[in-house]
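What follows is one structure encoded as structure tokens, with my remarks underneath.
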Amino acid sequence: QVQLVESGGGLVQAGDSLRLSCAASRRTNTNYAMGWFRQAPGKEREFVATISSSGGSTHYANSVKGRFTISRDSAKNTVYLQMNSLKPEDTAVYYCAQRGYYTGSSRTDEYDYWGQGTQVTVSS
């Protein structure tokens, strides 16, 4: 069983930056793609970004492209989401997830393990 633990969320103002981290409980994520998703109150969970197992391929939702960057440090079993130029509409609980495949996906049902989430609140 893999445990994923997110951290780094908080309350910031519009235009600020945050870096989220997702640490895996054991050395398993080096061979699997990872993704970040978010869920705002009253809305469905939506795709944010994904990174391949090698780290060589990344994909982003149009709403965050150019502002967010996903990366991974396999030696630390950690995936990051650097969020710049934050907007109030970025307010949500952010979840990381692990997919049992080398390439990422934007579909929630293609991920096997999920973290508990970390709250990001952006005030205007």
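A quick note: this is a predicted structure, and the numbers were derived from the prediction, not measured. Along the sequence shown, the residues carry numbers beginning at 1.
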Side-chain donor-acceptor contact under 3.5 Å, Arg38 with Tyr94
yes
Going only through I, L, V, M, F, W and Y residues with side-chain contacts under 4.5 Å, is there a path from [X] to [Y]?
X	Y	answer
Leu81	Val12	yes
Leu86	Val64	yes
Leu4	Val48	yes
Trp36	Tyr113	yes
Met34	Val2	yes

[X] vs [Y] side-chain heavy atoms within contact, under 4.5 Å:
X	Y	value
Ser53	Tyr32	no
Thr108	Glu44	no
Met83	Val120	yes
Ser54	Tyr102	no

Closest heavy-atom pair and its distance - Ser124, Pro88
CB-CG, 3.8 Å
Which pair of non-hydrogen atoms, one from Thr103 and one from Arg99, has the smallest distance, and what is that distance?
O-NH1, 2.6 Å
side-chain hydrogen bond (donor to acceptor under 3.5 Å, both in side chains) involving Tyr95 - partner list, sequence neighbours excluded:
none
Is it true that a side-chain atom of [X] and a backbone atom of [Y] form a donor plus acceptor pair closer than 3.5 Å?
X	Y	value
Arg72	Ser52	yes
Thr91	Val122	yes
Tyr111	Ser105	yes
Glu6	Cys96	yes
Tyr60	Ile70	yes

Calculate, to the nearest 0.5 Å, the distance between atoms CZ and OG belonging to Phe68 and Ser63 respectively.
7.5 Å
Taking ring-ring contact (aromatic ring centres under 6.0 Å, His included) as the definition, give me every residue that meets it alongside Phe47, ordered by chain and number, with sequence neighbours left out.
Phe37
Salt bridge (Lys or Arg N to Asp or Glu O under 4.0 Å) with Arg45: which residues, sequence neighbours excluded?
none
